[in-house]
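In what follows, a structure is listed as structure tokens, so that the remarks can point back to it.
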Amino acid sequence: QVQLVESGGGLVQAGGSLRLSCAASGRTFRWYVMGWFRQAPGKEREFVAAIRWSGGTTYYADSVKGRFTISRDNAKNTVYLQMNSLKPEDTAVYYCATVYSPVIVTRTYEYDYWGQGTQVTVSS
């Protein structure tokens, strides 16, 4: 059974940084894609960033490009989302998700497994 556990959320001032972690277990993730999504109150869940376990190819939403960095630690089966220059509009519950896929995918329905989410709040 695949399990994803996010951590690292919290309250930060605008311009600050946070690093989210997603610990994955229950599978050999070599051919999987790991994604980060977020959902603000009253809004749909949206794609943030994704990475392929094999090769480390990454892809970002335009809204976070240049500010967020996704990375992975294969030995720890953990994916990170380093978030810099945070803005109030980054406030949301952040979810990690995974799917067996040879290419990066960005739509919520394309992902099979989801974590429980971690709250990120950016104050102005």
Q. Is the side chain of Thr91 donor-acceptor paired with the backbone N or O of Thr121 at a distance under 3.5 Å, no angle test?
A. no
Q) With a 4.5 Å limit on heavy-atom distance, are the side chains of Trp53 and Val79 in contact? A) yes
Q) To the nearest 0.5 Å, how far apart are OH in Tyr94 and OG in Ser7? A) 15.0 Å
(Q) Tell me whether Ser101 contacts the main-chain N or O of Val103 through its side chain, where contact means a donor paired with an acceptor under 3.5 Å. (A) yes
Q: Supply the atom-to-atom distance Arg27 CZ to Gln3 CD, rounded to the nearest 0.5 angstrom.
A: 12.5 Å
Q | Closest heavy-atom pair and its distance - Val33, Val105 | A | CG1-N, 4.4 Å
Q) Can you tell me how far the CD atom of Gln39 sits from the OH atom of Tyr95, to the nearest 0.5 Å? A) 5.5 Å
Q: Check the pair Phe68, Trp36 against ring-ring contact (aromatic ring centres under 6.0 Å, His included), reporting the backbone distance first and the verdict last.
A: CA-CA 11 Å; Phe68 291 11; Trp36 283 99; 9.9 Å; no
(Q) If we count only N and O atoms by modelled type, under 3.5 Å, do the side chains of Asp73 and Thr78 hold a donor and an acceptor together? (A) no
Q: Mind jotting down which residue pairs meet the disulfide (SG to SG under 2.5 Å) criterion with at least one end in residues 50-124? Sequence neighbours excluded, please.
A: Cys22-Cys96
Q | Atom pair CD1/CD1 of Ile104 and Ile51 - distance to nearest 0.5 Å | A | 7.5 Å
Q) Roughly how far, to the nearest 0.5 Å, is OG of Ser25 from CD of Gln1? A) 9.5 Å
Q) Just wondering, do Leu4 and Met34 contact through their side chains at under 4.5 Å, heavy atoms? A) yes
(Q) Would you compute the distance between atom CG of Asp112 and atom OG1 of Thr98 and round it to the nearest 0.5 angstrom? (A) 8.0 Å
Q: Using a 4.5 Å cut-off on heavy atoms from C-beta on, say whether the side chain of Pro102 contacts that of Trp31.
A: no
**Q.** Pairwise side-chain contact, Ser17 with Gln82, heavy-atom cut-off 4.5 Å (strictly under)
**A.** yes
**Q.** Set of residues satisfying side chain to side chain donor-acceptor pair (under 3.5 Å) with respect to Asp90, sequence neighbours excluded
**A.** Arg38, Arg67
(Q) Whether the side chain of Arg52 engages the backbone of Ser54 through a donor-acceptor N/O pair (distance < 3.5 Å, no angle test) should be reported. (A) yes
Q) Under 30°, 30 to 60°, or over 60°: which ring-plane class applies to Tyr100 and Tyr32, parallel, tilted or perpendicular? A) perpendicular
Q: Considering non-hydrogen atoms only, spot the tightest contact between Ala14 and Pro88 and give its length.
A: CB-CD, 4.1 Å
Q. Should we count NZ of Lys65 as having more than 12 external heavy atoms under 6.0 Å?
A. yes
Q: Please lay out, stage by stage, how Ile70 and Tyr59 fare under the test side-chain contact (heavy atoms from CB on, under 4.5 Å).
A: CA-CA 9 Å; Ile70 188 171; Tyr59 186 77; over 6 Å; no
Q: For Leu20 and Gly9, work out which heavy atoms get closest and say how close.
A: CD2-N, 3.6 Å
Q. So, Phe37 versus Phe47, ring centres under 6.0 angstrom or not?
A. yes
**Q.** Cluster check Val64, Val93: I/L/V/M/F/W/Y, side chain < 4.5 angstrom
**A.** no
Q: Please check if Leu11 and Leu81 belong to a single hydrophobic cluster, counting links between Ile, Leu, Val, Met, Phe, Trp and Tyr side chain heavy atoms closer than 4.5 Å.
A: no
Q: Specify the closest pair of heavy atoms between Tyr60 and Thr69, including all atoms of both residues, with the distance to one decimal.
A: OH-CA, 3.3 Å
Q.
For Val5, is there any backbone N or O sitting under 3.5 Å from a side-chain donor or acceptor partner on Gln116?
A. no
